[in-house]
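Everything numeric in this text was worked out from a predicted model, so none of it was measured. In the text below, chain A, chain B and the rest are named by the order of the sequence lines, each starting its count at 1.
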Amino acid sequence: MPILEVENLSVSFKKYTRGFKQTKSTVITSLDVTVEAGEILAVVGASGSGKSLLAHAILGILPSNAITSGVIKYGGEELTPARQSVLSGKELALIPQSVNYLDPLMRVGSQVRTSVKKENAIAAQREVFQRYHLNAGVEKMYPFQLSGGMARRTLLATAMVSGARVIIADEPTPGLDSVVIVEALNHLKESAVNGCAVMLITHDIESALQVADRIAVFYAGTTVEISPVEHFNGNGEQLRHPYSKALWRALPQNDFIPIKGSQPRPSQLPSGCLFAPRCEMATPDCEQERPAMRNLRNGMVRCIHAT
Amino acid sequence: MMPTLTLLNKKQRALIVTILAIVFLMIVIVIGVVLDKESISTNLKHRNASPTFEHPFGTDWLGRDMFSRTFMGISLSIGVGLIGAFGSTLIATILGVISATMGKTADRIVSWLIDLFLSVPHLVTLILIAFTFGGGFKGIVIGIALTHWPSLARIIRAEVMQIRSAEFVQISRKMGKSSWWIATKHIFPHILPQILVGFMLLFPHAILHEAAVTFLGLGLSPHEPAIGIILSESMKYLSAGMWWLAFFPGLCLLFIVRTFDMLGENIRILMDINIDHK
Amino acid sequence: MQLRTQNIAFRYGKEPWLFKNVNFTVDPGEIVGLVGPSGYGKTTFCRILAGYEVPNKGSVTLNGRPIKSKRKGYHPVQLVFQHPEKAINPRWKMGKVLNEGWQPDQQLLDALGIEEEWLTRFPNELSGGELQRFCVARALGPDTRYLIADEMTTMLDAITQAQIWKAVLKIAEQREMGIIVVSHEVNLIQQLCHRVIEIDHLNT
């Protein structure tokens, strides 16, 4: 049974367009995704497509002007705001995108200790620092003294030491060089092996391919496909959704051939399938209504033509 | 789901408040200007009257109508504040831009000046300067202009420095744009809101300080219907139970100052391009 | 029109030298990749080439003649930054942004996938991928001899990345423009570049 389930989640915001007009724009549209214990699910999509908001919605840290609908379940029970505030940082942990999430005025060691639930916080913190190759001196440092890589490892350590069952990593790799990326990804893999459920949110398919068990492809605020990682190979014949195929073919190590057009803006979503305007397979049926997520070949797809 | 309680969004509300505030201030100024000078002439028949319909704010010990005196005083104060705040803003802008663009030495001198003026209370320098220029309307206006610029100058300096190092400005330079072109197209539009808001927020300060200095007897001359004069004179009569002499002028001053504060605050909201939400 | 650096050295203030004695050439029409760990001064090197920083020693020459750092006019080496949000004035509409340096023709706009409707919008209404197309178009003026792409498509998805690069490669070929690509993405560098330089070698 999945440990975390997101069903039909929508998130919208009110935004000033120009002058005095305010419009509601839907950034996440009827999104479905599940994560199981012991696996890494990668959520892959263009930046600005609302991936981070998914993480924020799960942890209940969306800005106050966000309007959400749909259900998020943790361990089979609905994750209400009350449960979110109890569980986040304990059973649900976020590895944030930015190092700015560290408290600049608190020594790193004590910061990590605050998220330990066990009795001996200091021992637990020292152990986790050792595991992430942070030497003893680091715990006395302030965040500004850390290098980029060290700060990332500290964020990682904070999430790991909490003994969380679900770890959500929001773009943990940009700006890091390949050695550090591999290291960070291996840490995620390790915690999945230890029984955590990991959701890796990234725009970098390559890092997703390295560690993930399943990949959810994100387009215009929703998941268009969820596929086992093995299906991302060759010319993408095994992929289900035309967007995933196009994304796969556009990678520099593959054909490097783009499709035309760009992702629709949240305020101007097409009425039917979100990908229809750019899709070669599109038929008039596609413009009728948004296709629902359906099971297909050991994965899921949101396309009426997919086989 | 949150029900939307308000019909208007934040920007629309800010626009309405701004318009109302401006209209209110215009009315006050117009009243002050069109009021008959006769009504503040001495009329010993109606001395020390408490508020009535004929004299809504009462009269003083010389029988002068306090309503007229208050409004004339307020519009005089607004005038002093307007010129003073304008002068201050001008100084702040020039010094802020010089400090940010003309090299290290200029920056050091301007920063030193700012620190110097900030280290002494406004009021003290204001009194000194007003005194040096012989007091009266001229002295107080020059005094206000010369003392209220430092914090705004500091803000403008920081803004200009920040925008000068912004990537899009550097790119513009590599596109072959001249410094003048960049200053007018990139930098000025960026600091204009700061200047406007700064100007609006200087206003209440200027008015209050004008009133304070006049109250102390070092500002406008006693013949002028200034709020500071009114308040200072009323002191003698307060113990005689003539509360209206200080109450209404004080309240009006408070209202005006608050209105300017609100105006500055709302203009900032209107010009903010980063408030996407709420 | 060869772009070349001769013995350039650079450091910020009194900090240790970021690099010394760097000799580097790019020929017209050549696409050169620059790879190496972060913190080795790749970005600073790019900024020197494009005239944003002045080297402490050495010179940058174009066709044998030094490019003066204080020169007026359009710089023949244009740099495209990683974050388009910072490279665009947030108070300008996109049409004005696009035409700041020159008037790109419709053909270029089509190649980069810039839509007519975007020109009347403000930057905060567009996504990073859309904004970056404008930054690229802006940098491709007729006098651009060399283009430097410093992690130009790092923040973008694969499809947008491929769209932008296809357009840039086509123009580079037509105009015999040289390109310097900085990226940590090995596959991208391999796909694009004729020649790859490891940053360690820059340092010697």
Heavy-atom neighbours of E280(A) CD exceed 12 at 6.0 Å:
no
To the nearest 0.5 Å, atom CD1 of I259(A) lies from atom OG1 of T160(C) at 9.0 Å
Apply side-chain contact (heavy atoms from CB on, under 4.5 Å) to M155(C) and E171(A), showing your working.
CA-CA 11 Å; M155(C) 304 308 288; E171(A) 298 273 12; over 6 Å; no
Pairwise side-chain contact, E130(C) with Q263(A), heavy-atom cut-off 4.5 Å (strictly under)
no
Within residues 215-247 of chain A, which residues come under 4.5 Å of chain C, heavy atom to heavy atom?
Y243(A), A246(A), L247(A)
With rounding to the nearest 0.5 angstrom, report the CZ to CG distance, F256(A) to L188(C).
5.5 Å
Inspect the surroundings of CD in E115(C) and state if more than 12 heavy atoms from other residues, nucleotides or ligands are less than 6.0 Å away.
yes
Atom CD of E116(C): over 12 foreign heavy atoms under 6.0 Å:
no
Under a 3.5 Å distance rule, please check whether H203(A) uses its side chain to pair with a backbone N or O of A158(C) as donor and acceptor.
no
Flag yes if more than 12 heavy atoms outside Q107(C) fall under 6.0 Å of its CD atom; otherwise flag no.
no
Which heavy atom in L126(C) sits nearest to a heavy atom in R265(A), and how many Å separate them?
CD2-NH1, 3.2 Å
Taken to the nearest 0.5 Å, the spacing of L251(A) CG from Q161(C) CD works out to 8.0 Å
State which residues pass salt bridge (Lys or Arg N to Asp or Glu O under 4.0 Å) with R278(A); sequence neighbours excluded, sorted by chain then number.
none
Run the side-chain contact (heavy atoms from CB on, under 4.5 Å) test on R133(C) and S262(A) for me, step by step, so that the C-alpha distance in whole Å, both residues' side-chain angles and the decisive distance to 0.1 Å come before the verdict.
CA-CA 11 Å; R133(C) 295 164 206 247; S262(A) 57; 3.8 Å; yes
Does Q174(C) have any side-chain contact (heavy atoms from CB on, under 4.5 Å) partners at least two apart in sequence or in another chain, and if so, which?
K170(C), I171(C)
Q190(C) side-chain N/O to Q253(A) backbone N/O, donor-acceptor pair under 3.5 Å:
no
What heavy-atom pair brings P258(A) and K166(C) nearest, and what distance separates the two atoms?
CD-CG, 3.8 Å
According to the salt bridge (Lys or Arg N to Asp or Glu O under 4.0 Å) rule, which pairs have a member within residues 140-159 of chain C, sequence neighbours left out?
none
Taking N187(C)'s backbone N and O only, do any of them form a donor-acceptor pair with E206(A)'s side chain (distance below 3.5 Å, no angle check)?
no
Check Q163(C) against G261(A) and note the closest heavy-atom contact, atom names and distance.
NE2-O, 2.8 Å
